[in-house]
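Working notes, beginning with the structure itself.
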Amino acid sequence: MIVSLHAIMPLSRLPRFFTAMARPRNDNFLRALLMEPTDRTPVWLMRQAGRYLPEYNETRRRAGSFLALCKTPSLACEVTLQPLARFDLDAAILFSDILTVPDAMGLGLYFAEGEGPKFERPLREEWAIRALAAPDPWDHLRYVMDAVAEIRRALDNAVPLIGFSGAPFTLACYMVEGGSSHDFRTLKTMLYARPDLLHRILAVTADAVVAYLNAQIEAGAQAVQIFESWGGILSASAFEEFSLAYLRSVLARLIKHHEGERVPAIVFVKGGGQWLEKIAAVGCDAVGLDWTIDLGEARARLTEKTALQGNMDPMALFAPPEVVVREAQRILTSFGPGRTGHVFNLGHGIHQATPPEHVAALIEAVHAFPRESVRA
């Protein structure tokens with residue numbers, strides 16, 4: 001399936017909400033999330049639009065910076081579609097960044113060369129935490145909604161579009177630490193010494209995530225994924241109190257139907273294999289798995305009402321293509337024949353140095369896997 005990067009109507013002429021359309025022509029991704037039969041195992045990759053593609057690097061160079069790329073709807077649309085022009089993927093995912101929400105909250109997001117994302121004004125003072133407010137996504141994050149609408153039109157109903165957000169706890173990690181961290185000492189000090197302040201951050205951020213994801217759905221996203229990238233750093237009791245409770249709150253308030261169709265939600269918790277049953281119980285349609293748990297074991301632990309997504313180690317893509325194919329087949333075999341409800345993905349984002357031809361071999365191997373393994 002090839003998606004053309006054709007010209008788009010100026011966004012200023014568009015209505016706020018996307019015009020209703022039928023399911024995409026290739027709806028295997030949506031069907032798998034809803035535990036419906038599929039004619040093949042659907043596949044998409046976290047960070048499928050990114051630096052491993054030379055065309056992405058060229059577009060980013062033209063944009064001038066990563067933030068400019070995220071905040072220019074036409075360029076965000078362009079890079080979203082680039083992997084679909086190369087590979088037979090079953091879904092597109094909005095090109096953006098999880099930190100756009102705290103940026104819209106006034107924390108001053110910037111990217112330091114070689115250091116990753118940083119915030120000019122991390123949340124350390126009680127007065128700043130008390131003053132925190134959820135932004136209106138149609139105002140402060142309108143560029144994201146414009147990108148969603150533009151991508152939907154460009155896809156021309158070929159495959160579904162996934163919207164996404166960071167989970168409240170993961171966003172709070174960056175908001176308190178001011179960037180990435182090896183030990184999350186500042187965040188964990190607040191968690192244990194002033195849990196009231198962390199709960200304040202999480203409550204406001206949960207409201208922001210709900211509004212942000214619902215706006216993406218209204219703009220045209222047909223499924224959403226919530227990334228709890230740092231949930232695995234928590235103790236069992238802290239995970240329940242500071243992560244699961246807020247995931248549950250977000251999912252309870254998400255739009256469940258739009259354009260006459262169900263809008264499924266995926267929750268991905270990196271390092272969350274020991275809590276699969278609890279994650280599945282928060283109200284999501286699918287649980288995303290990292291590579292540390294066997295897919296068949298995960299299927300056995302969860303009911304047939306919950307779909308699974310994952311979970312190949314991204315580093316396996318550096319092996320020769322024939323090894324990549326064997327690893328994909330091993331994972332698919334582990335899920336088991338005669339079952340539906342599986343979306344193939346990596347166990348985390350694709351590495352920037354991954355050879356694109358190895359990605360092509362992976363996708364072809366997933367789609368070539370015997371049909372009887374994906375029929376209900």
- Item | CA sep, side-chain torsions, deciding dist, call: V287, I266, side-chain contact (heavy atoms from CB on, under 4.5 Å) | CA-CA 6 Å; V287 175; I266 309 161; over 6 Å; no

- Item | Step-by-step side-chain contact (heavy atoms from CB on, under 4.5 Å) determination, V79 to Q82 | CA-CA 5 Å; V79 296; Q82 284 170 349; 3.6 Å; yes

- For R31 and R23, run side-chain contact (heavy atoms from CB on, under 4.5 Å): C-alpha distance rounded to whole Å, both residues' side-chain angles, the deciding distance at 0.1 Å, then the answer. CA-CA 10 Å; R31 293 177 66 83; R23 270 195 184 186; 3.1 Å; yes

- Residues R326, E322; criterion salt bridge (charged side-chain N to carboxylate O under 4.0 Å, His left out); working and verdict: CA-CA 6 Å; R326 286 202 301 271; E322 60 272 19; 6.0 Å; no

- Task: For salt bridge (charged side-chain N to carboxylate O under 4.0 Å, His left out), just list the numbers for K71 and D103, CA-CA rounded to whole Å, side-chain angles, deciding distance to a tenth of an Å, and then say yes or no.
- Result: CA-CA 12 Å; K71 294 185 176 184; D103 183 43; 3.1 Å; yes

- Message: Show, in sequence, the C-alpha distance, side-chain angles and deciding distance for F119 and Y110, and conclude whether the ring-ring contact (aromatic ring centres under 6.0 Å, His included) test is met.
- Response: CA-CA 6 Å; F119 284 113; Y110 69 98; 8.4 Å; no

- Item | Worked verdict on M46 versus I350 for side-chain contact (heavy atoms from CB on, under 4.5 Å) | CA-CA 6 Å; M46 288 184 277; I350 189 169; over 6 Å; no

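Between the side chain of H358 and the main chain of A319, a donor-acceptor pair closer than 3.5 Å is present. Listed for the R60 side chain is no donor-acceptor partner under 3.5 Å among the backbone atoms of G50. Formation of a donor-acceptor pair under 3.5 Å by the T170 side chain with backbone atoms of A167 is not found in this model. D27 places no side-chain N or O within donor-acceptor distance of the main-chain N or O of L30, the cut-off being under 3.5 Å. Using a distance-only test at 3.5 Å, with no hydrogens or angles considered, no donor-acceptor pair links the side chain of D290 to the main chain of K270. Checked by atom type and distance alone, the side chain of T306 never pairs as donor or acceptor with a backbone atom of L302 at under 3.5 Å. Panel note: side chain E78, backbone L75; no donor-acceptor pair is recorded below 3.5 Å. The backbone N or O of L308 lies less than 3.5 Å from no partner atom in the side chain of H342, so there is not a single donor-acceptor pair. Proximity of a side-chain donor or acceptor of T59 to a complementary backbone N or O of E55 within less than 3.5 Å is detected. At distances below 3.5 Å, not a single donor-acceptor pair connects side-chain atoms of T38 with backbone N or O atoms of T41.
To the nearest 0.5 Å, the span separating CG on L191 from CD1 on I201 amounts to 10.5 Å. Within the model, atoms CE of M175 and CG of L109 stand 11.5 Å from one another, a figure rounded to the nearest 0.5 Å. Rounded to the nearest 0.5 Å, atoms CZ (F87) and CG (L45) are 8.0 Å apart. How far CG of L155 is from CG of L81: 5.5 Å, rounded to the nearest 0.5 Å. Atom CE of M145 is separated from atom CG of L94 by 8.5 Å, given to the nearest 0.5 angstrom.
No more than 12 heavy-atom neighbours from other residues, nucleotides or ligands sit within 6.0 angstrom of CZ on R185.
For D97, there are no salt bridge (Lys or Arg N to Asp or Glu O under 4.0 Å) partners at least two apart in sequence or on another chain. In this structure, the side chain to side chain contact (heavy atoms under 4.5 Å, CB included) partners of N214, at least two apart in sequence or on a different chain, are V210, I217, L254, I255.
In this structure the side chain of R142 reaches within 4.5 angstrom of the side chain of D146, judged on heavy atoms. Side-chain contact between I331 and D294 is absent, with no heavy atoms from C-beta onward closer than 4.5 Å. Side-chain contact check for V144 versus P137: every heavy-atom pair is 4.5 Å or farther apart. S181 is not listed as a side-chain neighbour of L187, based on a closest heavy-atom distance of 4.5 Å or more. Residues P355 and L317 fail the side-chain proximity criterion, which asks for heavy atoms closer than 4.5 Å. At least one side-chain heavy atom of I226 sits less than 4.5 Å from a side-chain heavy atom of L213.
Salt bridge annotation for R40-D88: present, with a cationic side-chain nitrogen under 4.0 angstrom from a carboxylate oxygen. R262 and D285 are joined by a salt bridge, as a carboxylate oxygen and a charged side-chain nitrogen come within less than 4.0 angstrom of each other. A salt bridge is absent between D196 and R200; no separation between the charged side-chain nitrogens and carboxylate oxygens falls under 4.0 Å. Ionic pairing of R248 and E240 is present here: one or more N-O contacts between side-chain nitrogen and carboxylate oxygen are shorter than 4.0 angstrom. A salt bridge is defined here as a Lys NZ or Arg NE, NH1 or NH2 lying under 4.0 Å from an Asp or Glu carboxylate O, and K188 with E177 fails to meet this definition. Look at R301 and E277 and you find a salt bridge, because one of the NZ, NE, NH1 or NH2 atoms lies within 4.0 Å of a carboxylate O, short of that distance. Look at E126 and R130 and you find a salt bridge, because one of the NZ, NE, NH1 or NH2 atoms lies within 4.0 Å of a carboxylate O, short of that distance.
Applying the under-4.5 Å side-chain rule to Ile, Leu, Val, Met, Phe, Trp and Tyr, the cluster around F318 extends to M315.
W230 pairs in a ring-ring contact (aromatic ring centres under 6.0 Å, His included) with only one of the listed residues (F184, F242, F268, F239), which is F184.
What you find for A92 and Q48 is that their closest heavy atoms are CA-NE2, 3.8 Å. Contact between I363 and V43 at its shortest, heavy atoms only, is CG2-CG1, 4.0 Å. The nearest pair of heavy atoms linking M105 to P135 is CG-CD, 3.6 Å. Here the closest heavy-atom approach between residue I151 and residue A76 is recorded as CD1-O, 4.4 Å.
Between the side chains of Q225 and Q309, at least one donor-acceptor pair of N or O atoms lies under 3.5 Å. With 3.5 Å as the limit, one finds no donor-acceptor pair spanning the side chains of N345 and N311. Residues T340 and E36 have side chains that never bring a donor and an acceptor to within less than 3.5 angstrom of each other. R330 and S334 form no side-chain donor-acceptor contact under 3.5 Å, judged by distance and modelled atom types alone. Counted by atom type alone, H199 and E241 present one or more donor-acceptor pairs between their side chains at under 3.5 Å. A donor-acceptor contact closer than 3.5 angstrom links the side chains of D90 and N26. With 3.5 Å as the limit, one finds no donor-acceptor pair spanning the side chains of S74 and E150.
Hydrophobic clustering keeps W291 apart from L362 (ILVMFWY residues linked when any side-chain heavy atoms are closer than 4.5 Å, directly or through intermediates). Clustering ILVMFWY residues whenever any of their side-chain heavy atoms sit less than 4.5 angstrom apart, transitively, puts F66 in the very cluster that holds L107. L34 is not connected to W44 by any chain of hydrophobic side-chain contacts under 4.5 Å among Ile, Leu, Val, Met, Phe, Trp and Tyr, and they are in different clusters. One hydrophobic cluster holds both W138 and V204 under the rule that ILVMFWY side chains link at heavy-atom gaps under 4.5 Å. Placement of V325 and L346 in two distinct hydrophobic clusters is found when ILVMFWY residues are connected by side-chain heavy-atom separations under 4.5 Å, directly or transitively.
Note: F164 and F227 have perpendicular aromatic rings, judged against thresholds of 30 and 60 degrees for the angle between ring planes.
Taking the centre of each ring, Y246 and F169 stay at or above the 6.0 Å mark.
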